[in-house]
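This report refers to the structure that appears directly beneath it.
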2 protein chains.
Amino acid sequence: MSLPHAILTALLERPSSGLELTRRFDKSIGYFWSATHQQIYRELGKLEAEGHIRALPPEQPARGQRKSYEVLPAGRAELERWTAAAQDPKPLRDALLLRLRAAAVVGTAGLEGDLRRHLQLHRRQLEEYREIERRDFPPGKDGPQDRLHHLILRAGIDLETFWTQWLAQALEELPDLPGGPGGGTDVTDGTASSDGARTTPSR
Amino acid sequence: MSLPHAILTALLERPSSGLELTRRFDKSIGYFWSATHQQIYRELGKLEAEGHIRALPPEQPARGQRKSYEVLPAGRAELERWTAAAQDPKPLRDALLLRLRAAAVVGTAGLEGDLRRHLQLHRRQLEEYREIERRDFPPGKDGPQDRLHHLILRAGIDLETFWTQWLAQALEELPDLPGGPGGGTDVTDGTASSDGARTTPSR
DNA sequence: TGAACCATGTAAGGAGTTACATGATTTC
DNA sequence: GAAATCATGTAACTCCTTACATGGTTCA
């Protein structure tokens with residue numbers, strides 16, 4: 001039940017059309033709550049039906065027919081309620097850790113390449129966050145909103161930092177591990193997928 | 001598409017009944033891929049229909065009528081395939097960060113208590129992980145499987161460490177911020193919606 | 001013999017993803 | 001005037017969650 005609140009937040013920050021929201025959910029709020037345009041349009045419809053937002057009359061000579069929405073008092077109240085309400089943290093769910101656990105049983109063959117790719121992606125994301133920090137939060141700036149936004153950004157930075165470090169360490173340890181199926185315990189029929197390329201101890 | 005593979009991994013580690021799996025998904029694999037018993041039973045049915053697992057004949061005088069499952073070669077092959085296949089990391093999705101972003105607009109009133117609670121929960125989880133590390137990974141132990149399992153555990157430890165540190169810092173900064181909507185220095189709201197999207201690149 | 005629990009399952013619905021549809025506008 | 005793209009939307013499907021159902025077992 002967070003998507004409507006993500007949208008309310010975004011619309012309070014700036015009234016927008018569906019497409020503008022979609023664009024903004026590729027950055028900014030989307031960094032920690034992503035959404036596709038289909039989700040957004042559907043949710044805009046619901047929020048309007050509930051009286052939480054309304055379409056703005058097209059003041060500019062609307063080219064295309066984009067509808068912009070703004071938040072109504074009821075919507076703001078709902079967002080306040082939700083923000084203050086207690087919510088349990090969701091348990092971690094990470095496919096990469098699961099794959100490593102699986103690899104402990106069936107072997108690490110074929111894993112290294114994708115770990116390397118993930119490392120690159122996380123490094124890139126980390127760089128992007130740091131760039132934003134340099135640009136938007138220079139030393140002098142610290143209004144109350146800035147402080148909160150900076151805090152959120154630092155969560156992103158620290159998380160990406162964790163992943164890059166952890167992945168780098170995983171890659172260091174990986175080449176020493178058996179690559180094929182039957183990596184530890186089990187009887188293995190030896191017929192299964194062999195993969196030559198992985199014997200390179202790259203590093 | 002990760003639940004079936006989580007189950008295959010668990011069953012390879014040890015053949016189990018639905019209920020045993022459910023129990024094991026409260027710990028161990030469940031630490032990074034949780035599942036309810038409904039999900040598990042449904043998925044066991046599918047996996048059996050696909051020929052990836054099969055029910056073991058009840059060798060013990062089955063009290064109750066628990067069915068235990070074991071993985072068939074086809075299931076193991078599928079798990080190998082999945083483990084080696086490239087997968088994109090899922091974008092971060094965190095309701096707490098979203099709430100902070102919302103709080104930057106509607107005020108932080110009511111947030112502190114829940115942040116404190118989250119901090120406690122994360123500290124407890126961190127302690128649990130450290131306890132497991134002490135118990136299961138003493139200095140001497142490092143077979144190939146141990147190394148992988150330890151690596152996974154360290155990911156959990158480092159993530160919880162991050163959250164505890166980040167939450168502690170958030171709580172330090174929070175009291176200085178305006179608590180209610182307009183309930184503080186309302187300078188931020190006069191020009192409000194124009195600058196909400198601070199982390200959004202120029203536009 | 002009734003209460004509590006064990007073990008497996010069904011049903012309904014919410015939330016997210018993927019693929020496709022439609023009309024308007026810009027561009028070549 | 002055809003092609004590309006903009007902007008909004010529908011439809012179908014998967015995955016997960018919540019609530020409930022059913023029959024067996026233990027034990028007081």
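Everything quoted here is computed from the prediction, not taken from an experiment. Every chain is numbered from 1, with letters handed out A, B, ... down the list of sequences. Only heavy atoms go into these numbers, but all of them, side chains included; no hydrogens, no water, no symmetry mates.
Under 3.5 Å, the side chain of R93(B) and the base of dT17(C) form no donor-acceptor pair of N or O atoms. At a cut-off of 3.5 angstrom, the base of dT14(D) holds no donor-acceptor pair with the side chain of R42(B).
Residue order along DNA chain C, read from the 5' end via each residue's closest nucleotide, puts L19(B) first among L3(A) and L19(B).
Ring pair Y41(B)/H37(B) is perpendicular by interplanar angle, where above 60° counts as perpendicular and below 30° as parallel. Using the six-membered ring where Trp is involved, Y31(A) and Y129(A) have ring planes that are perpendicular, over 60° apart on the 30 and 60° scheme.
Taking the side chain of Q38(A) as heavy atoms from C-beta on, and the options dT18(C), dC16(D), dT8(D), the nearest nucleotide is dT18(C). Counting only heavy atoms from C-beta on, T36(A) has its side chain closest to dT17(C) among dT17(C), dC15(D), dT17(D). Nearest to the side-chain atoms of Y41(B) among the listed nucleotides dT18(D), dG9(D), dA7(C) stands dA7(C). Of the listed nucleotides (dT17(D), dG9(C), dT8(D)), dG9(C) has the atom at the smallest distance from the side chain of H37(B).
Shortest non-hydrogen contact noted between P89(A) and H122(B) is CB-NE2, 4.4 Å.
In this structure, the CG atom of D88(B) is 14 Å from the C1' atom of dT17(C), given to the nearest Å. Separating the CD atom of E43(A) from the P atom of dT8(D) is a distance of 16 Å, rounded to the nearest angstrom. One atom, OH of Y69(A), and another, C1' of dG9(D), lie 11 Å apart when rounded to the nearest Å. Atom-to-atom, CD1 of I40(B) to C1' of dC6(C) comes out at 16 Å; the value is rounded to the nearest Å. When rounded to the nearest whole Å, the span between CE of M1(A) and C1' of dT18(D) equals 15 Å. A straight line from CD of Q39(A) to P of dT10(D) spans 15 Å, rounded to a whole angstrom. Rounded to whole angstrom, the span from the CG atom of L44(A) across to the P atom of dG9(D) amounts to 8 Å. Rounded to whole Å, atom C1' of dA7(C) lies 9 Å from atom CZ of R23(B).
Put simply, K90(B) has no side-chain N or O that comes within less than 4.0 Å of OP1 or OP2 on dC15(D). Using a 4.0 Å cut-off, some side-chain N or O of K67(A) falls inside it from OP1 or OP2 of dG9(D).
Look at E20(B) and R23(B) and you find no salt bridge, because none of the NZ, NE, NH1 or NH2 atoms lies under 4.0 Å from a carboxylate O.
Using a 4.0 Å heavy-atom cutoff across all strands shown, S17(B) reaches sugar-phosphate atoms only and no base atom.
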Exercise. Give the C-alpha distance, both sets of side-chain angles, the deciding distance and a yes or no for side-chain hydrogen bond (donor to acceptor under 3.5 Å, both in side chains) between E133(B) and H150(B).
Key: CA-CA 8 Å; E133(B) 189 177 35; H150(B) 198 177; 2.8 Å; yes
